[in-house]
Amino acid sequence: MPKAKGKSRRHKYSYNLNRKRLYRSARRRAAPRIACSHIRHAWDPHKSVAQNLAEMGLAEDPNKAVPIPKKLLGMEVESDGQQQGKKIVRKPYVVNEMELEASLPEKKSNTLSRDLIDYVRYMIQNHGENYKEMARDEKNYYQDTPKQIKRKINVYKNFYPEEYKNFIASLKPEKMEVQ
């Protein structure tokens with residue numbers, strides 16, 4: 001049997017084919033990914049995006065929801081006095097829950113690593129404020145310069161001011177006993 005006709009031919013790369021557009025159109029057909037849990041629970045998959053958002057009292061297009069007044073654009077055009085009809089919000093609890101969640105204070109999530117805290121405490125405990133000595137210390141594995149060590153200590157002071165004060169206060173009695 002002879003070979004299939006197009007198999008032996010070298011395949012050429014098509015430079016004119018827009019692969020991004022092909023990928024985007026395939027993603028567009030899929031259901032929307034919703035990050036907010038309040039919206040996700042109230043979402044009706046049998047309705048369109050515009051209908052779902054209108055029922056929740058949310059805007060589909062922010063430019064249409066909050067239009068720029070014509071006066072600001074430099075054009076003084078008189079309007080008919082007719083405003084667009086108010087949309088009925090069937091699921092107001094979604095907006096209320098989102099506002100409640102947004103009003104909560106943010107948690108401080110930025111912390112320092114335990115290794116850095118131990119390093120800074122060791123350096124302060126053994127060398128006090130002498131950064132040149134700290135740079136020559138054998139525990140200075142990363143060969144930080146005196147300025148880098150000072151910066152790390154200042155970061156520790158800013159992140160944990162109460163802990164730093166207590167640590168310095170605990171060091172003073174030890175130094176008095178040594179003298």
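Heavy atoms only: backbone and side chains are in, while hydrogens, waters and symmetry mates are out.
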Open item on the list: Using side-chain heavy atoms (C-beta onward) and a distance below 4.5 Å, is D137 in contact with H127?
Closed with: yes
Task: From H41 atom NE2 to Y93 atom OH, the distance as rounded to the nearest 0.5 Å - done: 10.0 Å
TODO: Kindly compute the distance separating CG (L171) from CG (N126), expressed to the nearest 0.5 Å.
DONE: 9.5 Å
Open item on the list: Counting C-beta onward and ignoring hydrogens, is there a side-chain heavy-atom pair between L112 and Y160 closer than 4.5 Å?
Closed with: yes
Open item on the list: Please tell me whether Y119 and N140 have a donor and an acceptor in their side chains that are separated by less than 3.5 angstrom.
Closed with: yes
Task: Interatomic spacing from OH in Y131 to CE in M123 - rounded to 0.5 Å - done: 12.0 Å
Task: Carboxylate-amine/guanidinium proximity below 4.0 Å for E163 and R121 - done: yes
Open item on the list: Test side chain to side chain contact (heavy atoms under 4.5 Å, CB included) on L53 and E55; report intermediate values, then the result.
Closed with: CA-CA 5 Å; L53 292 176; E55 278 187 356; over 6 Å; no
TODO: Write down the atom of D144, the atom of K152, and the distance for their closest heavy-atom approach.
DONE: OD2-NZ, 2.7 Å
Open item on the list: Around atom CG of N16, are there more than 12 heavy atoms from other residues, nucleotides or ligands closer than 6.0 Å?
Closed with: no
Task: I117: which of Y122, Y156, F159 passes side chain to side chain contact (heavy atoms under 4.5 Å, CB included) - done: Y156
Task: Distance (rounded to the nearest 0.5 Å) between T145 OG1 and M134 CE - done: 12.5 Å
Open item on the list: Any heavy-atom pair between the side chains of R151 and K147 that's under 4.5 Å?
Closed with: yes
Open item on the list: When you compare the side chain of M98 with that of I39, does any pair of heavy atoms fall below 4.5 Å?
Closed with: yes
TODO: Would you name the heavy atoms of N52 and K47 that are closest together and state the gap between them?
DONE: ND2-O, 3.4 Å
Open item on the list: Evaluate V120 against I149 for side chain to side chain contact (heavy atoms under 4.5 Å, CB included), listing each step before the verdict.
Closed with: CA-CA 8 Å; V120 167; I149 295 171; over 6 Å; no
Task: Within 6.0 angstrom of R40 CZ, more than 12 heavy atoms from elsewhere - done: yes
- [ ] For atom NZ of K165, decide whether the heavy atoms of other residues, nucleotides or ligands shown that lie under 6.0 angstrom number more than 12.
- [x] no
Open item on the list: Looking at every non-hydrogen atom in both residues, tell me the closest pair between V94 and A42 and how far apart they are.
Closed with: CG2-CB, 3.5 Å
Open item on the list: Strictly distance-based, threshold 3.5 Å: is any side-chain N or O of E99 a donor or acceptor partner for the main-chain N or O of N96?
Closed with: no
Task: Residues that Y142 engages under side-chain hydrogen bond (donor to acceptor under 3.5 Å, both in side chains), provided they are two or more places apart - done: none
Open item on the list: What's the separation between atom CG in L116 and atom OG1 in T111, rounded to the nearest 0.5 Å?
Closed with: 10.5 Å
Task: Stepwise side chain to side chain contact (heavy atoms under 4.5 Å, CB included) test for H38 and E101 - done: CA-CA 10 Å; H38 308 297; E101 190 177 320; 2.6 Å; yes
Open item on the list: How long is the straight-line distance from CD1 of I153 back to CD of Q148, given to the nearest 0.5 Å?
Closed with: 12.0 Å
